[in-house]
Amino acid sequence: GVDMSPSRSILLVGEGNFSFSASVTQLNSETETSITATCLQRQEEALRHEGAASNIQIIKESGGVVLFEVDCRKLGECASLRGRVFDRVVFNFPHCGRKSGVKKNRELLKNFFLSCVQVLAEDGEVHVSLCNGQGGTPADHPKREWHNSWQVTAMAAEAHLILTDVHPFESEKYQSYKCTGYRSQDKGFHVEKALLHVFTRSLPYTSAEILKVEETVKGEKVQYYIPAELSDYMFR
């Protein structure tokens with residue numbers, strides 16, 4: 001869940017009315033968690049969303065930061081983030097818009113993943129909530145055909161991120177969360193059966209330890225090499 005170990009930092013991107021960030025703020029009010037909530041829109045556009053002003057106030061009063069005009073596809077270039085790194089980057093229900101097809105949404109995910117690793121701590125997590133069926137993982141019920149899905153794992157792999165966990169999006173945890181539809185026509189969408197996908201950096205490949213083995217076969221010394229982890233099996 002969102003329960004954090006002490007003094008963690010969370011970056012939330014692509015917010016609409018900031019209700020999700022406000023909920024995360026309230027969930028973490030007893031912890032040393034610093035929250036930075038961002039949206040793509042300019043401040044005056046963002047404030048047109050129902051509830052945005054009071055949600056922003058909740059975040060700021062808890063010591064959080066609210067930033068406008070932050071493009072989640074260009075986080076590394078974002079001056080207002082001033083080169084910070086975060087323990088967790090959260091993109092809650094990404095979508096390009098009403099009529100955009102799967103290709104556009106895949107592109108959005110891919111560009112987000114490529115950009116978020118520039119502001120992600122080495123052992124940080126990326127959390128992406130998607131409606132049931134969008135991600136294209138076996139956790140979707142019913143599972144969508146891969147070519148009709150947003151292929152979230154493949155998009156994350158472009159940024160060397162691997163899926164380490166999937167669990168139901170616990171909407172009941174986020175008391176004040178109201179999802180806004182695209183461009184916030186304040187039409188929500190279905191969060192029942194939605195899934196939270198957790199990604200981490202894939203560890204760099206380290207070559208196995210190699211052992212040199214010497215044996216005498218028919219009076220002749222033979223040398224060969226085996227991976228150390230196989231030695232248990234060979235020399236019982």
Side-chain angles (χ1 to χ4, degrees), residues 1-4 10-21 23-24 27 37-40 72-73 75 86-117 120 123-203:
V2 182
D3 5 288
M4 311 290 285
I10 310 182
L11 170 66
L12 299 111
V13 304
E15 282 289 81
N17 56 13
F18 288 94
S19 63
F20 182 67
S21 293
S23 299
V24 172
L27 271 177
T38 69
C39 73
L40 182 57
C72 70
R73 298 162 300 184
L75 295 169
F86 298 88
D87 298 307
R88 183 168 299 188
V89 180
V90 181
F91 198 168
N92 201 37
F93 299 112
H95 51 104
C96 286
R98 280 243 129 41
K99 299 259 186 315
S100 56
V102 288
K103 283 203 173 74
K104 268 214 170 110
N105 285 307
R106 274 177 212 155
E107 194 71 11
L108 170 65
L109 284 176
K110 180 176 83 177
N111 290 328
F112 159 68
F113 285 127
L114 287 168
S115 136
C116 79
V117 290
L120 184 67
D123 56 352
E125 294 183 349
V126 182
H127 288 205
V128 179
S129 308
L130 295 171
C131 298
N132 181 40
Q134 287 174 341
T137 69
D140 286 321
H141 293 291
K143 188 171 181 293
R144 243 190 236 183
E145 288 182 28
W146 178 245
H147 66 267
N148 287 330
S149 78
W150 295 7
Q151 303 177 352
V152 68
T153 49
M155 298 307 112
E158 300 270 344
H160 304 290
L161 292 168
I162 50 173
L163 183 67
T164 48
D165 201 4
V166 183
H167 36 88
F169 176 78
E170 301 171 78
S171 47
E172 63 286 350
K173 260 171 80 167
Y174 305 104
Q175 295 306 323
S176 52
Y177 177 51
K178 305 263 184 303
C179 47
T180 52
Y182 176 62
R183 295 253 180 270
S184 289
Q185 290 123 342
D186 291 314
K187 295 189 183 76
F189 39 84
H190 291 290
V191 293
E192 308 89 68
K193 290 171 77 182
L195 296 169
L196 173 63
H197 303 73
V198 179
F199 297 90
T200 53
R201 294 174 193 273
S202 51
L203 295 170

- Check for a donor-acceptor pair, side chain of Asn105 on one end and backbone N or O of Pro94 on the other, with a separation under 3.5 Å. no

ask   = Are any non-hydrogen side-chain atoms of Asn132 and Pro142 less than 4.5 angstrom apart?
value = yes

| message | In the structure I gave you, are the side-chain heavy atoms of Ser129 and Val90 within less than 4.5 Å of one another anywhere? | response | no

CD (Gln134) and NE2 (His197) are apart, to the nearest 0.5 Å, by 9.0 Å

| Side-chain (Arg73) to main-chain (Glu107) donor-acceptor, under 3.5 angstrom | no

For Ser149 and Gly135 the tightest heavy-atom approach is OG-O, 3.8 Å

Using modelled atom types only, decide if a donor and an acceptor are shared between the side chain of Arg144 and the backbone of Gly133 within a distance under 3.5 Å. yes

Between the NE2 atom in His95 and the NZ atom in Lys104, the distance rounded to the nearest 0.5 Å is 14.0 Å

Value for CG (Leu195) from CG (Asp165), rounded to nearest 0.5 Å, stands at 11.0 Å

For Ala37 and Ser21, the nearest pair of non-hydrogen atoms, with its separation, is CB-OG, 3.3 Å

**Q.** Backbone of Ser202 reached by a side-chain donor or acceptor of His160 within 3.5 Å
**A.** no

Next item on the list: State, yes or no, whether a side-chain contact exists between Trp150 and Leu108 at a heavy-atom distance under 4.5 Å.
Entry: no

dist Leu11:CG -> Phe91:CZ (nearest 0.5 Å) comes out at 11.0 Å

Separation between SG (Cys116) and NE2 (His127), nearest 0.5 Å, reads 11.0 Å

Heavy-atom closest pair (Cys131 atom, Asp140 atom, distance to 0.1 Å) is O-OD1, 4.4 Å

All heavy atoms of Thr200 vs all of Glu125, minimum pair found to be CG2-CG, 4.0 Å

Please confirm whether the backbone N or O of Trp146 pairs with a side-chain atom of Gln151, one donor and one acceptor, at under 3.5 Å?
-> yes

Test side chain to side chain contact (heavy atoms under 4.5 Å, CB included), reference Val152, set Leu130, Val166, Leu163, output is Leu130

From the list Leu120, Val117, Val128, side chain to side chain contact (heavy atoms under 4.5 Å, CB included) with Val89 holds only for Leu120

When rounded to the nearest 0.5 Å, the distance separating CG of Leu196 from CD of Glu170 is 8.5 Å

### Query
Under 3.5 Å, is there a donor-acceptor pair between the side chain of Thr38 and the main chain of Leu12?
yes

Residues Leu161 and Arg201: closest non-hydrogen pair is CD2-N, 3.7 Å

Note: His167 and Val198 closest approach over all heavy atoms is NE2-CG2, 4.0 Å

- [ ] Go through Phe169 and Phe93 one step at a time and tell me if the ring-ring contact (aromatic ring centres under 6.0 Å, His included) criterion holds.
- [x] CA-CA 10 Å; Phe169 176 78; Phe93 299 112; 5.1 Å; yes

